[in-house]
There are 2 protein chains.
Amino acid sequence: MTDAAADSPATPPPSPWERERPARTHAAPARTPLSRERVVEAAFAVLDRQGLDGLSMRQVAAELGVTVSALYAHVHSKDDLLELMYTRLFDGFEVPEADPERWQEQLLDFARAGRQRLLSHRDMARISMAHVPFTAELLPHVEGLLAIFRTAGLPDRIAAEAGGLISTYIDGFVLEEGMWQDRAAQQGGDASSLARPDWREMAGEMQNYFASLPEANFPHLRALSGLMVTDSSDERFDIGLQIILRGLASYLPDQPDRPVPDD
Amino acid sequence: MTDAAADSPATPPPSPWERERPARTHAAPARTPLSRERVVEAAFAVLDRQGLDGLSMRQVAAELGVTVSALYAHVHSKDDLLELMYTRLFDGFEVPEADPERWQEQLLDFARAGRQRLLSHRDMARISMAHVPFTAELLPHVEGLLAIFRTAGLPDRIAAEAGGLISTYIDGFVLEEGMWQDRAAQQGGDASSLARPDWREMAGEMQNYFASLPEANFPHLRALSGLMVTDSSDERFDIGLQIILRGLASYLPDQPDRPVPDD
DNA sequence: TATCTTGATGAACAGCGTTCACTGGATGAG
DNA sequence: CTCATCCAGTGAACGCTGTTCATCAAGATA
């Protein structure tokens, strides 16, 4: 909206110098020109509707009401598009400034927020898994993580691995979440249950399955059947993360309660 | 070799009752009949030669000198084939019997052996990542891991997560290894270097890239440039694993040197 | 007004997973 | 010995995929 038309009462007549959008004598009603951003946006729409396996260039083009080949003017290839989606997913994702006193909470928040981003679009973990975050847009995030580790006092060799370890954990966890979800969706494959697959039911089935295993061969799986697949993944996510965080903490040179380990 | 023909001097005439192999009047020289096993075997051959992206049913069929549709008599679908490859990869993969005194070494060995299996075929981590190990063939491995965790004294909630955590770490690490390898291969894309991509060179390039980042924005990445991508991935793999193991160890109720944590 | 640029078109190519009517050679029965 | 049966493997087809390229209409520029 231009400022020239802002204070006119309603439907101002087109001023000849303003040269408004030509309204396209054709059928297409004033379509906004294609852009890389719009292609990525449409790709997300298709992804959420059809999943990664249903995300084809033709579907994206259809979403935009445009031919396939038109996409290639804005996107180099499908892999390129996926990479754009990947980096765009973490747009505005900020790693907090390192605070040595709160490094564990900061990492917990970071991981939770990262998981939420991955959960915000279907099959996003699969896309994320296929990319190394060493692109120009994602490097600040890596740097931010390293800052937290190093100012917390972790040895450099540990800090260098910790970022990848945590990122891999997040990706892997959400990936597994998605796989359960997909399996639940295609099992109770009615059209009605496609929208919200009955995840609780599938979790119960898995628990029953584990509990039904022969005691002689699978005593531990039976014993933990109630814990392997739980209703809320949030708890499980935090537990795995805590394991990593406590592992990292064990490398801090001066623990408050404990003597320094000589490693 | 039958015992009837064992003591004849050389090229014994075909005894009519023995009904030896009909020797196939046609061109095809006594081709062994197709089988699920042979299909999987051929799929591995194609995978190692062409990578996962080049692994198509048609290529597998060509590897066997057979039409595509012939495969579908032995394999339900391509996904089915991939799952067969996945479970077959861990054929004979034994988790040692749990020894509470050596649980950390046992897990270290397990993880290293798992990584070696994944490295034994190209792109195998990508396939592994797409599968949950809760199939009948892989359940004993899960059980074996749980046994190690529980007899070591880990709380059940921790034990239930530890297996997935370690498996995810192995998969993720090898996946990343493969991605670097692929990138190195397609960068120095000469036919000569395709066989053994110059991995050292690419590692050096990445180190230089990190070291060349602006000091103001990326002090930590610069400082750790020599550690983020190293020549031998083995060290890096062990370090990440040690972080996890020390995290797990922190949940043991009675540490030798330390007071029990109240969690 | 004539030329150039730009963005979208639609047809085409090679390859993909999967299905299905079919066939040719081996097997077993009468 | 002949016939019927069976079955593994065939080849063509369907609809889909990612990608390329000559074409074209329309707006901008000279």
Side-chain angles (χ1 to χ4, degrees), chain A residues 14 16-40 42-43 46-47 49-85 123 127 130 186, chain B residues 16 18-40 42-43 46-47 49-85 123 127 130 186:
Chain A
W17 54 268
E18 199 186 7
R19 197 125 65 134
E20 77 167 352
R21 278 296 151 89
R24 210 60 165 224
T25 59
H26 270 50
R31 56 178 167 190
T32 50
L34 223 46
S35 71
R36 195 185 300 244
E37 202 54 32
R38 295 220 316 135
V39 171
V40 174
V46 175
L47 181 70
R49 196 187 326 119
Q50 324 251 139
L52 180 57
D53 295 326
L55 174 62
S56 72
M57 298 299 274
R58 281 172 163 88
Q59 291 288 324
V60 175
E63 178 80 15
L64 291 163
V66 124
T67 30
V68 212
S69 45
L71 302 179
Y72 285 85
H74 305 272
V75 152
H76 202 256
S77 68
K78 188 185 180 181
D79 278 346
D80 187 29
L81 175 55
L82 290 177
E83 186 161 325
L84 288 174
M85 297 173 76
D123 282 341
I127 298 178
Q186 85 183 77
Chain B
E18 201 187 5
R19 197 124 66 127
E20 77 169 351
R21 277 296 151 93
R24 212 59 166 221
T25 59
H26 269 52
R31 56 176 167 189
T32 50
L34 222 46
S35 71
R36 198 186 298 244
E37 202 54 32
R38 294 221 316 137
V39 171
V40 174
V46 175
L47 181 70
R49 196 186 325 120
Q50 324 250 149
L52 180 58
D53 295 326
L55 174 61
S56 72
M57 298 299 276
R58 282 173 163 84
Q59 291 289 325
V60 175
E63 178 78 17
L64 291 162
V66 124
T67 30
V68 211
S69 45
L71 302 179
Y72 284 87
H74 305 272
V75 152
H76 205 254
S77 68
K78 188 186 180 180
D79 278 347
D80 187 31
L81 175 56
L82 290 177
E83 187 162 322
L84 288 173
M85 297 173 76
D123 282 339
I127 298 178
Q186 84 183 79

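Residue numbers begin at 1 in each chain, while the letters A, B, ... track the order of the sequences. Given the structure is predicted, the values throughout are model-derived calculations rather than measurements.
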Trainee: Expected output is a numbered-order residue list: members of residues 69-83 of chain B with a heavy atom under 4.0 Å from any atom of DNA chain D. What is it?
Mentor: B:Ser69, B:Ala70, B:His74

Trainee: For A:Gly54 and A:Gln59, work out which heavy atoms get closest and say how close.
Mentor: O-CG, 3.6 Å

Trainee: Would you mind writing out the side-chain donor-acceptor pairs for residues 61-77 of chain B within the sub-3.5 Å range, not counting sequence neighbours?
Mentor:
unit_1  : atom_1 : unit_2  : atom_2 : d
B:Glu63 : OE1    : B:Arg49 : NH2    : 2.3
B:Glu63 : OE2    : B:Arg49 : NH2    : 3.4
B:Ser77 : OG     : B:Asp79 : N      : 3.4
B:Ser77 : OG     : B:Asp80 : N      : 3.2

Trainee: Return the angle between end axes of the helix from C:dT1-D:dA30 to C:dG30-D:dC1, with five pairs used per end and rounding to 10°.
Mentor: 20°

Trainee: Only pairs at least two apart or in different chains count here, so list each salt bridge (Lys or Arg N to Asp or Glu O under 4.0 Å) that has a residue in residues 67-77 of chain B.
Mentor: none

Trainee: Separation of B:Leu64 atom CG from D:dT10 atom P, in whole Å?
Mentor: 10 Å

Trainee: To the nearest 0.5 angstrom, please state how far the CG atom of B:Leu81 sits from the CD1 atom of B:Ile127.
Mentor: 8.5 Å

Trainee: Once side chain to side chain donor-acceptor pair (under 3.5 Å) is applied, do any residues pair with A:Glu37, and if so which ones, sequence neighbours excluded?
Mentor: A:Arg88

Trainee: Can you name the nearest heavy-atom pair linking A:Val39 to A:Val60, along with the distance?
Mentor: O-CG1, 4.0 Å

Trainee: If I take atom CE from residue A:Met85 and atom CG from residue A:Leu55, how far apart are they, to the nearest 0.5 angstrom?
Mentor: 5.5 Å

Trainee: Using the side chain to side chain contact (heavy atoms under 4.5 Å, CB included) rule, take A:Asp53 and A:Asp123 through it: C-alpha gap first, then chi angles, then the decisive distance, then the call.
Mentor: CA-CA 9 Å; A:Asp53 295 326; A:Asp123 282 341; 5.6 Å; no

Trainee: Does anything in residues 52-63 of chain A reach DNA chain D, meaning a heavy atom under 4.0 Å, and if so which residues?
Mentor: A:Leu55, A:Ser56, A:Met57, A:Arg58

